[in-house]
Every structure is written in C-alpha cells, then in structure tokens.
Amino acid sequence: MTEHQKVIIIGAGISGLATACYMKQKLPKVQITVLEASDRIGGKIKTIHRDGFIIECGPEGFLTRKPALTQLIKAIGLNNQLVHSGAGANYIYVNKQLRKMPKGSVMGVPTKLLPMATTSLISPFGKIRALMDLLIPHVYHGQDLSLRTFFEKRLGTEVVSNMIEPLLSGIYSGSLSDMSLEATLPQFAAIEKKHRSLILGMKSLRSPKMADTPKKSTGQFLSLSCGLQGLVERLASYPDDIKLNTPVASIQSGQVTLGNGEVLNADAIILAASPKQYGPLLDFPEAWSLTHDKRTSTATVAFAFKKEDVGAFDGNGYVVAREEGLHITACSFMNHKWAFAAPENHVLIRTYVGTADDSSIVEKSDAEIEQIALADLRTIIKLGTPLFSVITRQVDNMPQYTVNHNQRIQAFEDALTKIDGVFACGALLHGVGLPDCAATALHTAEQAATYLQAKTAIDF
Ligand SMILES: Cc1cc2nc3c(=O)[nH]c(=O)nc-3n(C[C@H](O)[C@H](O)[C@H](O)COP(=O)(O)OP(=O)(O)OC[C@H]3O[C@@H](n4cnc5c(N)ncnc54)[C@H](O)[C@@H]3O)c2cc1C
Ligand SMILES: CC1=C(CCC(=O)O)c2cc3nc(cc4[nH]c(cc5[nH]c(cc1n2)c(C)c5CCC(=O)O)c(CCC(=O)O)c4C)C(CCC(=O)O)=C3C
C-alpha cells in the first residue's frame with residue numbers, strides 16, 4: 001500500500017531536498033528518508049550570519065529567466081523572502097583595467113552589435129575579426145565540440161579571451177578547451193544551426209524582456225532575504241527524516257549500504273550526491289565514466305570591510321581575464337547585488353580562486369589564501385584591512401561538462417533504467433544552476449512517483 005512505501009534520497013543538497021519536497025507533494029503518504037554524508041544540510045548552499053553580515057559561501061542567487069526554482073519557492077511559501085539583485089553593471093578586468101561588460105551579453109557572449117562596436121574590451125582588429133562571423137560557414141555540424149573551438153572559429157580569440165572565457169570558465173569552473181557546447185550553451189548551437197552567423201541570429205538569443213531595453217531597475221538574479229540556507233531549511237521540513245553523518249557506500253535495487261555496513265531497504269532510491277560519487281555508489285561502467293570525468297577545486301573568500309576602507313566601485317562585480325596572471329578569477333560586491341548582505345556603512349566583497357587549469361591554491365592554508373586574494377584585489381581596487389574573512393573550499397567537487405557530456409549522461413541514464421527503482425538527479429547531470437537542479441529534481445521525482453504508483457498497482 002502506498003503509505004508503507006519507503007523512499008531513500010542520498011544527499012541533502014538542493015537536488016536531494018527539492019526531490020524530497022516534490023515527492024511529498026505528489027505522494028504525501030510515502031515515507032522519505034534523506035541520508036547525508038556531512039554534518040549539515042545544504043551541500044554547496046551555505047549561509048553564515050556574522051556581525052550583521054549575511055555571507056553566502058556557495059551560490060548567492062539564481063537566474064530569474066529560469067522559472068523552476070522560483071515556482072518551487074512560491075509553492076513552499078517563501079515568496080515573501082524573494083529579492084531581486086541590484087541592477088549594477090558587470091565588469092571584466094582586462095589589460096589592467098576594469099571595463100564594462102557590453103549590454104546584451106548572454107553568458108559572456110555578446111548578442112548586440114552596437115555595445116559590441118563601442119566596447120573598449122576588444123581592439124579594432126578583434127572587432128573586425130568578430131564580424132567575420134557574418135561570412136564563416138557552419139562550425140557546429142551536430143557533433144559536440146569545445147566552447148573554445150566554437151567561439152574562436154566564429155568570433156576570434158580576442159572576444160573569447162576578453163569576454164567569453166572570464167565569465168564562462170568561472171560559471172562552469174572549467175576550461176573552455178574542455179567544455180561542451182551542447183551541454184553548456186545549447187542555445188548557441190541551435191542559433192548557429194538556424195542562422196549560421198551568431199551575429200545574425202543574436203536577436204533571437206535575447207529574451208523579449210532584454211530586447212526592449214528600458215533601463216532595468218533590478219538585475220537578472222533572485223535570492224532570498226534570509227539567505228539561501230533558508231531555502232534548504234524550508235525544504236528540509238518535507239522529508240520524514242534526515243540522517244546526517246550518514247554516508248552511503250553502495251546502492252542496489254531495493255537497498256542501500258551505509259559506510260558503516262548497515263543495510264537499509266527502500267521501494268525507491270534517488271541518488272542526489274556529489275559529482276564524484278556516482279561511480280562508486282552505483283558501480284556500473286556508465287556511472288564510473290561520470291566519476292572519471294573532470295572536476296575541479298575552487299574556493300571563495302568573503303571579506304568584510306568598513307565602507308571607508310573600500311575604494312570606489314559602482315558595479316556588481318567583475319571577472320578577471322586569464323591573461324592578467326592573477327590568482328583571483330572574479331570578485332563580487334555582495335552588498336551591491338544584495339542590500340541585505342552587509343550592515344549599513346559596511347561592504348562584503350567575495351572573491352574566487354582556483355581554476356580548472358590550476359587549483360593548487362585551494363590546498364594552501366586559510367591565511368595564505370587570504371593574503372594572496374587580498375593582494376590581487378588591491379591591484380584592482382583600493383582596500384584597507386578587512387574586519388574578518390570567511391574561506392570556503394570545494395575540493396574536487398565542481399563538475400565540468402566536458403565535450404560529449406550529454407552523450408555520457410544519456411548512456412548513464414539508459415543504464416540506470418535497468419536498475420529497478422533507482423533514480424538520479426544532481427548538478428552533475430542537466431545543469432549546474434540552482435534552477436536546473438530544481439528542474440532535474442522535479443523530473444526525477446515524477447519518474448520515481450510514477451514507478452511507485454505502478455508498483456502499488458502490481459502489489460494489489
Ligand atoms: C562558489 C559557488 C558559487 C555558485 N554560484 C551559483 C549561483 O550564483 N547560481 C546558481 O544557480 N548556482 C551557483 N552555483 C552552483 C550550485 O550551487 C550547485 O550546482 C548546486 O548547489 C548543486 O546542488 P546539488 O544538490 O546537486 O549538489 P551538492 O550541493 O554538492 O549536494 C550533494 C550532497 O550530497 C552529499 N553526499 C555526497 N556523497 C554522499 C554519500 N556517499 N552519501 C550521502 N550523502 C552524500 C554531500 O555531502 C552534499 O551535501 C555555485 C556553486 C559554487 C560552489
Ligand atoms: C561559480 C560562480 C562564480 C565564481 C566564479 C569563479 O570562480 O571565477 C560566479 C561569479 C560571477 N558571476 C558573475 C556574473 C554572472 N553570473 C551568471 C550566471 C551564473 N553564475 C554561476 C556561478 C558562478 N558565478 C552560475 C552557475 C550561473 C548560471 C546560472 C544558471 O545557468 O542557472 C550570469 C548570468 C549570465 C547570463 O545569463 O547572461 C552573470 C552575468 C560575476 C560578475 C559580477 C557579479 O558579481 O555579479 C561574477 C563575479
């Protein structure tokens with residue numbers, strides 16, 4: 001009977017907890033237990049409250065144009081906490097100067113001609129090279145290729161290294177030479193297929209809201225005024241039980257084996273753990289191929305300052321071109337984006353270190369990372385002594401969507417269907433953004449619910 005059915009979800013990040021919530025909404029009587037290896041819920045989501053600062057250690061917001069997470073937030077009654085990011089500009093640090101990202105950029109890719117023609121980010125030669133996109137034949141022929149190959153062939157190396165790479169390699173914690181066009185930016189592959197030239201097809205890349213360009217008073221992100229930890233805490237009220245400090249060691253149809261050897265039975269099992277766990281937990285070749293794919297290590301360093309100790313900067317933040325030779329890859333002025341992030345007359349700056357090509361800095365001590373990051377930040381904007389800092393590492397935990405990612409995921413999902421009652425979601429599969437995690441969780445919850453309903457029918 002349905003009320004006796006048990007579900008185990010592995011991992012208490014946004015993916016696991018959103019799946020629990022969706023499942024409860026569909027099948028309220030199902031008994032859901034979430035097993036979490038660490039001593040806290042949230043996974044990469046972690047909010048610290050200190051001296052009036054609200055410090056996001058992981059994600060800080062999510063894109064408004066992807067509705068899945070906003071819908072979930074409304075469904076769980078947190079809509080009164082939703083806040084838009086500030087409308088400040090994004091900058092790129094290139095050739096020792098902060099320069100505005102041209103208006104109309106989508107994921108760092110220019111989609112408007114005029115701002116592109118006037119930007120100081122690209123030399124006149126680079127602009128002419130970018131215009132050759134109008135003439136160049138198709139680069140994408142239905143076979144996945146790297147973002148570097150695709151964009152360098154279409155727009156030239158300068159647009160790639162000064163605009164596209166700094167933002168995209170940060171968002172996906174990857175190297176452009178490895179990253180899959182089909183998995184990270186399928187919309188650009190589709191545009192090229194339809195219009196051949198990106199410049200000619202650009203207009204259709206912009207959402208209607210972006211195309212009619214009235215001055216926007218808010219940015220393109222949403223967050224919660226309580227911090228994103230508030231989201232996972234609310235989601236955590238849906239499962240019947242969450243067991244912390246409970247790593248799962250292996251999964252079979254109908255049962256999971258814990259790290260301590262204990263075996264738990266369940267009618268359905270949903271894997272929503274960290275990216276490197278898929279191989280060891282499921283132990284079939286297609287799952288191992290995901291574990292063998294690249295991951296990287298990064299760290300965020302949040303610095304709290306008195307306002308008087310921070311030089312002038314009007315934007316939301318900046319990303320750093322790789323050629324600048326700095327350790328920091330980007331920097332956000334958190335309280336410009338989110339007024340609640342710092343108390344009055346204070347500033348919260350968050351910077352990032354560690355790249356796919358060199359993540360050795362992440363292994364250094366907190367004091368060393370703080371010192372290196374501060375020195376880099378000070379080459380760009382004047383800064384005094386911080387009040388305190390908070391360092392958060394993601395060691396070997398940032399999935400990279402390398403070329404043919406979608407094919408590997410398809411093969412994995414096909415193989416998974418052969419294991420009765422076992423399902424998977426998580427940022428490793430169909431997008432790293434929080435709304436993608438929510439959308440994948442919804443799909444997985446629907447699959448599992450359908451399976452459980454069919455199972456009930458057979459049991460009768
Ligand atoms: C610094 C940073 C900034 C980001 N910024 C943004 C942003 O602004 N916007 C955005 O949309 N996205 C952002 N992201 C991406 C987003 O945060 C992640 O993709 C998302 O949180 C991943 O959620 P998840 O639940 O799939 O995985 P995770 O959060 O990694 O959760 C997996 C959970 O599984 C647990 N686990 C692992 N192994 C086991 C096991 N064997 N047994 C039991 N439990 C296990 C882990 O302890 C963890 O709690 C950012 C990420 C980082 C790191
Ligand atoms: C890991 C990470 C870093 C650390 C970077 C590193 O380690 O180098 C970072 C930094 C930054 N990101 C910045 C700007 C943006 N990030 C975006 C979108 C996204 N970021 C993500 C993650 C990260 N972001 C993700 C998972 C998305 C896509 C969400 C989805 O797909 O659901 C978009 C929207 C793109 C578009 O849609 O056009 C913009 C404009 C800026 C600049 C100014 C500012 O501080 O805001 C900075 C410092």
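Values below: every heavy atom of this structure, side chains too, minus hydrogens, waters and symmetry copies. Each ligand, and each atom within it, is numbered from 1 in the order the structure gives.
Distances between N or O atoms of P247 and those of ligand 1 include no value under 3.5 Å. Residue R40 has no nitrogen or oxygen atom sitting less than 3.5 Å from a nitrogen or oxygen atom of ligand 1, judged on distance alone. At least one N or O atom of V432 sits closer than 3.5 Å to an N or O atom of ligand 1. Checking only distances, S15 does come within under 3.5 Å of ligand 1, N or O to N or O. Residue A273 places no N or O, backbone or side chain, under 3.5 Å from any N or O of ligand 1. Below 3.5 Å of separation, one finds an N or O of K44 facing an N or O of ligand 1. Considering both main-chain and side-chain atoms, G61 comes within under 3.5 Å of ligand 1 through a nitrogen or oxygen pair. The N/O atoms of P275, backbone and side chain alike, include none that comes under 3.5 Å of an N/O atom in ligand 1.
For atom 47 (O) of ligand 1, the nearest protein heavy atom (residue, atom name, distance) is E36 OE2, 2.6 Å. Distance from atom 23 (O) of ligand 1 to its nearest protein heavy atom, with residue and atom name: I14 CG2, 3.3 Å.
Residue contacts with ligand 1 for E60 involve both N, CA, C or O and side-chain atoms from C-beta outward (heavy atoms, distance under 4.0 Å). Both the backbone and the side chain of V248 come within 4.0 Å of ligand 1, judged by heavy-atom distances. Contact annotation for A272 and ligand 1: only backbone heavy atoms (N, CA, C, O) come within less than 4.0 Å of the ligand. Under 4.0 Å from ligand 1, the heavy atoms of Q277 that appear belong solely to its side chain. Neither the backbone nor the side chain of T298 comes within contact range of ligand 1; no heavy atom lies under 4.0 Å.
The aromatic rings of Y401 and Y172 lie tilted to each other, with the angle between the two planes from 30° to 60°. Ring planes of F313 and F333: tilted class, angle from 30 to 60°. Ring orientation note: the planes of H292 and W288 are close to parallel, at an angle under 30° on the 30°/60° scale.
The A427 neighbourhood of ligand 1 comprises atoms 19 (O), 22 (C), 26 (O), with distances under 4.0 Å to a heavy atom of that residue. The ligand atoms of ligand 1 that sit less than 4.0 angstrom from a heavy atom of G426 are 26 (O). With ligand atoms numbered from 1 in the order given, ligand 1 contributes 42 (N), 43 (C) to contacts under 4.0 Å with heavy atoms of I10. Close approach to Q394 involves these atoms of ligand 1, each under 4.0 Å from a residue heavy atom: 53 (C). For ligand 1 and G43, the ligand atoms under 4.0 Å from any heavy atom of the residue are 29 (O), 31 (O), 48 (C), 49 (O).
Using a 4.0 Å cut-off between charged nitrogen and carboxylate oxygen, K6 and D267 do not count as a salt-bridge pair. Between R148 and D178 no salt bridge is recorded (no basic side-chain N to carboxylate O distance below 4.0 Å). Between K46 and E56, none of the side-chain N atoms (NZ, or NE/NH1/NH2) sits under 4.0 Å from a carboxylate O, so this pair counts as no salt bridge.
Proximity of a side-chain donor or acceptor of R154 to a complementary backbone N or O of D133 within less than 3.5 Å is detected. For T355 (side chain) and D357 (main-chain N/O), a donor-acceptor pair under 3.5 Å exists by modelled atom type. Distance alone, capped at 3.5 Å, is enough to place a donor-acceptor pair between the R99 side chain and the S120 backbone.
Applying the salt bridge (Lys or Arg N to Asp or Glu O under 4.0 Å) criterion to D241, with sequence neighbours excluded, gives K243. Considering only residues two or more places apart in sequence or on other chains, S360 meets the side-chain hydrogen bond (donor to acceptor under 3.5 Å, both in side chains) condition with D358. Considering only residues two or more places apart in sequence or on other chains, E324 meets the salt bridge (Lys or Arg N to Asp or Glu O under 4.0 Å) condition with K96.
For H195, the NE2 atom sits in a packed shell: over 12 heavy atoms of surrounding residues, nucleotides or ligands are nearer than 6.0 Å.
Residue R393 holds its CZ atom at 11.5 Å from NZ of K364, rounded to the nearest 0.5 Å.
Near ligand 2, L63, R65, K66, N90, S105, V106, M107, L167, G170, I171, Q220, F221, N316, G317, Y318, V319, T329, A330, C331, S332, K337, Y352, V432, G433, P435, D436 each place a heavy atom less than 4.0 angstrom from the ligand.
Looking at K276, Q400, R408 one by one, the single match for side chain to side chain contact (heavy atoms under 4.5 Å, CB included) with D293 turns out to be R408.
Contact annotation: M398 has at least one heavy atom less than 4.0 Å from an atom of ligand 1.
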